[in-house]
Amino acid sequence: MTRRNRARNADGRRPSARVTNYRQLKNPFPPMDVFTADRIEAMHEAALSVLEDLGVKVLLPEAVTIFAAAGAVVKGEMVHIGREIVESAIASAPTRIEGRAGSRERNVLLELGSLVFQPGAGAPHATDEIRGRRPGSARDFRELVQLTHHFDVFQMMPPLVEPQDVATNIRHYFTLETQLTESDKFPFIFSRGTPQVAESFELLCDFRGLSDKEFHAEPHCYTIINTNSPRTLDIPMAQGLIDFARAGQVSIITPFTLMGAMAPITVAGAITLSHAEAIAALTLTQLAKPGAPVCYGTFTSNVDMKSGAPAFGTPAHFQASLAAGQLARFIGLPWRSAAGSAANLNDVQAANENQFGLWGCLLAGATVVIHSAGWIEGGLSVSYEKLVTDAEVLNMVAELCAGAQAGEAEIGLDAIAETQPGGHFFAAAQTMARYQTEFYEPVVHDYANFGTWTERGAKDASTRARDIWQAIVANPSRPAIDADRHGALKDTIAKLTAKGGAYPES
């Protein structure tokens, strides 16, 4: 984000422009370990044993054939993957991926040390303080894409909510067109069968003016692959891994393991299972196409053992993120983690859980942090107000990524000498030169005193966030797009729709 102030100092000079890049971030925090190095190696070895001795249930015949051709042992639906196959696949996976967005300045770099944020994704419902909680709709999807585009601190487009008023055979047209026309950020494509994926790739190529060769040479989109824990890879997910790998596009592999439910109740056990599933899926991508871009991932937390409901932003969630980061560094690949909240509205519980989960991701060294804003009810809803209040926190994290300067001008010996003992620095030359640009300016937070805040209407943070998102969707900032290409995109979608679209495969 670039902040330029047009106001002038008392002497008529413009203050120096304050520039902070929110688009290509580097994690400024040293990684934190939760287990010793020998325990991480033991967990990796245990995961290899799971794949070799216990096996993974693979429901897609084509995927079974690919594993078998590489030397895996197939026993019915169970595929036993030898450790040498897995280790070879890990070695061939790229450690650095540059995703090509709609404009060069929006490109995303996925490697250890980079930091990429996405808001909450995959929710069946949307909610806000005006319209309440409701099934996700086309309007919600479009508005949430607009909000995601507005905040530079979100670098990738996720599948925010399901637009349930759009039929499933044409939903992929709507979600892709919305992303391409409302934003130029790195787009998401659902893995719901080869026909939908192939059509989406073709639409993206035509809109971006890419030849097949250019599209296959670099990643221009990504998908999210969730294994079915424990130890199951279903048909659409396996097909998605193959389709995206062969096209040279990014798969972000994410087992969703909840301790005590779909995974062992311990952090070490749950992460070992998650690691096994992730590297099994990763292996399929490399067998389909060696060197295919793939992002290791995990989303591991615990359940509330009284109700069985998922819990997020817990100590166990935090520890699981740290352990996943250690395993990602052990195999040397970029990886995805997640924040999130189980709260039912944008309240202090939601803020606490999301921030605790976020700090787990940051200190674990996650490359991509999904569900970093807006996600409530354990993923059942995306809250408009929470997306905005969480974006405030992410902006402040982005500010930390820029680091603090300590040159002669920042040390400010002249300012110290200029100010008398017992005086103040408000009028110091250093202050006058920097007062408009030195500090982060909040989007939602209100630093006014009680009297001023009361005079302004005594609005709490959620109310202020409500006003902010309303203003954004009323006047969204859109990228410049080629009118002819947009017209061609709409024409193609109309023709495909007239032919019946493409239904998801399962």
Side-chain angles (χ1 to χ4, degrees), residues 40 42-60 63-64 66-67 70 72-75 77-83 85-90 93 122 191 223-242 244-245 250-288 292 294-303 310 316-317 320-321 323-328 330-331 333-338 364 366 368 370:
I40 290 296
M43 291 163 65
H44 177 70
E45 288 297 319
L48 293 176
S49 295
V50 167
L51 299 181
E52 191 167 48
D53 301 333
L54 302 179
V56 176
K57 190 175 186 178
V58 180
L59 302 183
L60 179 70
V64 174
I66 291 172
F67 277 123
V73 177
V74 179
K75 299 178 181 179
E77 291 181 328
M78 298 303 296
V79 177
H80 298 258
I81 313 169
R83 63 187 57 216
I85 301 173
V86 178
E87 290 169 348
S88 177
I90 291 172
S191 292
T223 195
I224 295 174
I225 300 295
N226 297 121
T227 57
N228 286 341
S229 303
R231 292 189 295 133
T232 303
L233 189 58
D234 66 22
I235 290 174
M237 294 294 95
Q239 190 66 64
L241 289 167
I242 295 169
F244 273 72
V250 180
S251 292
I252 298 181
I253 299 168
T254 312
F256 180 36
T257 46
L258 291 172
M259 303 174 212
M262 301 110 72
I265 199 168
T266 61
V267 171
I271 285 295
T272 297
L273 175 63
S274 174
H275 184 62
E277 294 177 3
I279 59 179
L282 181 152
T283 298
L284 180 57
T285 69
Q286 300 308 298
L287 295 178
V294 61
C295 191
Y296 173 89
T298 183
F299 191 11
T300 299
S301 190
N302 60 288
V303 295
H317 182 185
S321 295
Q326 289 184 262
L327 283 164
F330 183 84
I331 62 176
L333 296 179
W335 71 290
R336 190 214 89 160
S337 192
V368 179
I370 198 171

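Since the structure is predicted, the reported quantities are computational estimates derived from the model, not experimental observations.
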Quick one: closest heavy-atom pair of [X] and [Y], and the distance?
{"X": "F244", "Y": "T223", "answer": "CZ-CB, 3.5 Å"}
{"X": "I85", "Y": "A72", "answer": "CD1-N, 3.6 Å"}
{"X": "A288", "Y": "I66", "answer": "N-CG2, 4.4 Å"}
{"X": "R336", "Y": "C295", "answer": "N-SG, 4.0 Å"}
{"X": "A292", "Y": "Q286", "answer": "O-NE2, 3.0 Å"}
{"X": "V56", "Y": "T232", "answer": "CG1-N, 4.4 Å"}

Is the closest side-chain heavy-atom distance between [X] and [Y] below 4.5 Å?
{"X": "L241", "Y": "V294", "result": "no"}
{"X": "R83", "Y": "S49", "result": "yes"}
{"X": "V86", "Y": "E52", "result": "no"}
{"X": "S191", "Y": "Q239", "result": "no"}
{"X": "S301", "Y": "L258", "result": "yes"}
{"X": "L273", "Y": "P264", "result": "yes"}
{"X": "L59", "Y": "N228", "result": "no"}

Short side-chain to backbone donor-acceptor contact, H317 and A338, under 3.5 Å
yes

Between T285 (side chain only) and L282 (backbone N and O only), is there a donor and an acceptor less than 3.5 Å apart?
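Checked: pair present.
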
State the [atom1]-[atom2] distance between [X] and [Y], to the nearest 0.5 angstrom.
{"X": "I224", "Y": "F256", "atom1": "CD1", "atom2": "CZ", "answer": "12.5 Å"}
{"X": "L233", "Y": "R231", "atom1": "CG", "atom2": "CZ", "answer": "13.0 Å"}
{"X": "M262", "Y": "T300", "atom1": "CE", "atom2": "OG1", "answer": "9.0 Å"}
{"X": "T272", "Y": "L327", "atom1": "OG1", "atom2": "CG", "answer": "7.0 Å"}
{"X": "T227", "Y": "D234", "atom1": "OG1", "atom2": "CG", "answer": "9.0 Å"}
{"X": "L287", "Y": "F67", "atom1": "CG", "atom2": "CZ", "answer": "6.0 Å"}

Criterion side chain to side chain contact (heavy atoms under 4.5 Å, CB included) on L48 and I279, from CA distance to verdict:
CA-CA 9 Å; L48 293 176; I279 59 179; 4.1 Å; yes

